[in-house]
Amino acid sequence: MSEYVEIKSPIDELAERLTMAGLEVEEIAAVSPAELVRSGGVEDQMDSRVLITKVTPNRGDWLSMIGVAREASAATGCAFSVPEPRPKTAGPQAADFIKISISDPDLCRRYVGMVIRKVTIKQSPDWMKNRLVRAGMRPINNIVDITNYVMLEFGQPLHAFDYDLLAGREIIVRRARGEETITSIDGVERFLMPDMLVIADGDRAVAIAGVMGGADSEVGPGAQHILLESANFDPVSIRRTSKALGMVTESSYRFERNVDVGITDVAARRAAELMAELAGGEIAEGIVDVFPGKTEPRMIDVAGERVNRLLGTNLEVSNVVAYLHALRIPAKLGDDRISVTVPTFRPDIEREADVVEEVARVYGYENIGTTLPTAPIQGRDSDVGGFVERLRGILMACGMQEVLTHSLTDPLSVEITGLKDQSLAVRNPLSEDASELRAMLAPNLLQVIVRNQAVGIRDIAVFEIGKVYRRSPEGEICEFRSASAAVVGSQWASAWNFNKESLAADFYLVKGALESLLDRLDMKEVSFDTLDHPLLHPTRAARVMAAGGEIGILGEVSPEVRERLDIRGRPCIFEVDVEKLMPLVPESVGYEALPRFPALYRHLAVVLSHDVPYADVRRAVFESGGAIVEDIDLLDVYTGPQVGEDERSLTLSIVFRSKDRTLTDEEMSEILDSIKSRLASEFGAKFRG
């Protein structure tokens, strides 16, 4: 680094300044003399202390000696310069030796080729070997070492091909073809997918773009002529290829973090210069530079007062410009506005706030005074967040414990919901147990029950509120919030007078919890309808209806599902769609004064066919009784010899009350007659007692 910036401060102080500027120095490591190559019988121990830095994903420019030197110059105020490579060329034009084309410019913004002839393959000089060793790289031969050295120097990955092994004397940058393979330099045959970018000659792929070269064209001991590649590839494409092939290289690591498209040709000239010097090569005239991704530099206008407003400082505008110049970011001052030209090595600078952050880094975060906020910072929960918190409180009041399960689940948990055709599978799952996104919360709660039963916990009542994920019939990926609960075991702890059967958690307990939830939300006109669901028992399941639509389901888990999950007992669940429920909940709750007049209670035994739902009977009683009917309770359900074989008797307790007078016996008789008439005409009801 001393070739580009002369640092006069101690290395510890430099490490502190770089860290404060954002380039975190994790370690100052010492390279032992045993690791270094001997030069003339004397250990080369110059610069044997190495800074180990932690580079953030958005700062690919820091993955180079020049990039770190530029940052060190800004942090210390020392002069910074990079000599311009000026390789001596001779002979025919490079374009006479090689033809380069880019078939997929969306994945390759620029490709530079240079031809170096008559090289001699040998060991690199000791100074280069030592620098590579300090950087953690193994010296191979002078040509390969030069490409690695320039990559460390400029941050631009390079690749050298044996020119004589390239078919057709051409390079084509394209996507891989169907079932195409390549044997990489490490000797492994790689199967390529169509979305992977390759470097090909006239016959086949000779390199995996941005990752690793192919064995068929690598520079070996007998190579005489070199085609030098310096290119700029799409970061996302390289990341996907590297991950899919399981190959993380120094080259892919840099391309994933964005390489400066402006130095593609500069790095190539620098490498060619070294090849001429260290390998006796003859550089062909000119370069072949295919640049389909060339664009105008990004311009950002920054107001001087905006800098101080964001940072809480009182910097002069001229100082702001000086700080940007220290980072080699071109900036011009005019009318209290700073016009910034974003250099190609800083694609992370996209807006005004990014420019202000650069000013703060050079000025020093530690120099920015501490002030109290001038604006109110007290926030509030979102409407959805507040509603979810309300649901959570009600369910906890029902005696349930909240659990949090993972959004990723196993295929069985999706299969038992009957939503397999709507499920979303993970492309590269870590394991089969986390290979699909959950389509419902209930299966995850059943898994919670299984794990608790395995450690001896019998009585379980849990709930969860979270996101579920499904694919619509049109193929669109949808996510929405759901609330689910599951219970199994007993309602009360064991005791000497404990009746296991009567106190076991069942369908009605879960239904009661759900009704309590909806009642506390002041939900009106909620009803329950029959339901056939693969997760639930065929006769102990119901759909939850409100405002004419389904908002959820509840029921006892089917015996088949219990067997497949190995659950003991008879767990029951409910699950409601929070996003359908929320708009139906009144924004405010109304209050009524306590009644002034007494209530009258009457019992009515109604004999009906088995297929008449109680909900329909309840609705009919309310409608025929009008405002006088205050409440209805179902006291008893009787089936037996006193009624028909296909009949049942429902004993209703009806509460009558008027808001403006005391009801008389005559009025009560008229209302009861009206109710009986309605039930008889609508359902064919008969009455006992």
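Please read all numbers here as calculations on a predicted model, not as lab measurements.
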Phe97 backbone acceptor or donor facing Tyr163 side chain under 3.5 Å: yes

Pair Val150-Gln156, side-chain contact (heavy atoms from CB on, under 4.5 Å): steps then yes or no: CA-CA 7 Å; Val150 174; Gln156 169 67 57; 5.8 Å; no

Pairs touching residues 64-82 that satisfy side-chain hydrogen bond (donor to acceptor under 3.5 Å, both in side chains), sequence neighbours left out: Trp62-Glu71, Glu71-Arg361

Side-chain donor/acceptor of Asp433 to backbone N/O of Asp410, under 3.5 Å: no

Pairs flagged by side-chain hydrogen bond (donor to acceptor under 3.5 Å, both in side chains) wherever residues 18-27 is involved - sequence neighbours left out: none

Any pair counted as ring pair (Phe, Tyr, Trp, His ring centres under 6.0 Å), so long as it reaches residues 68-88, sequence neighbours left out: none

Pairs involving residues 82-96, ordered by first then second residue, that meet salt bridge (charged side-chain N to carboxylate O under 4.0 Å, His left out) (sequence neighbours left out): Glu84-Arg269

For Pro125, side-chain contact (heavy atoms from CB on, under 4.5 Å) partners two or more places apart: Trp127, Met128, Leu278

Nearest heavy-atom neighbours spanning Ile182 and Gly214: CD1-CA, 4.0 Å

Check: Pro343 main-chain N/O paired with Asp260 side-chain donor or acceptor under 3.5 Å: no

Residue pairs, two or more places apart or on separate chains, that pass salt bridge (charged side-chain N to carboxylate O under 4.0 Å, His left out) and touch residues 219-233: none

Contacts of type side-chain contact (heavy atoms from CB on, under 4.5 Å), residue His325, not counting sequence neighbours: Val321, Ala331

Residue pairs fulfilling salt bridge (charged side-chain N to carboxylate O under 4.0 Å, His left out) with at least one residue in residues 172-189, sequence neighbours excluded: Asp104-Arg175, Asp106-Arg175, Arg174-Glu180, Asp186-Arg190

Where at least one partner belongs to residues 147-170, residue pairs that pass salt bridge (charged side-chain N to carboxylate O under 4.0 Å, His left out), sequence neighbours excluded: Glu153-Arg270

Exam field: side chain Ser251 to backbone Gly210, donor-acceptor pair closer than 3.5 Å: yes

Salt-bridge contact Lys129-Asp145 (side-chain N to carboxylate O under 4.0 Å): no

Ring pair (Phe, Tyr, Trp, His ring centres under 6.0 Å) pairs, two or more places apart, involving residues 237-292: Phe233-Phe255

side-chain hydrogen bond (donor to acceptor under 3.5 Å, both in side chains) contacts touching residues 206-224 (sequence neighbours left out): none

Residue pairs involving residues 201-214 (criterion side-chain hydrogen bond (donor to acceptor under 3.5 Å, both in side chains); sequence neighbours excluded): Asp201-Arg204

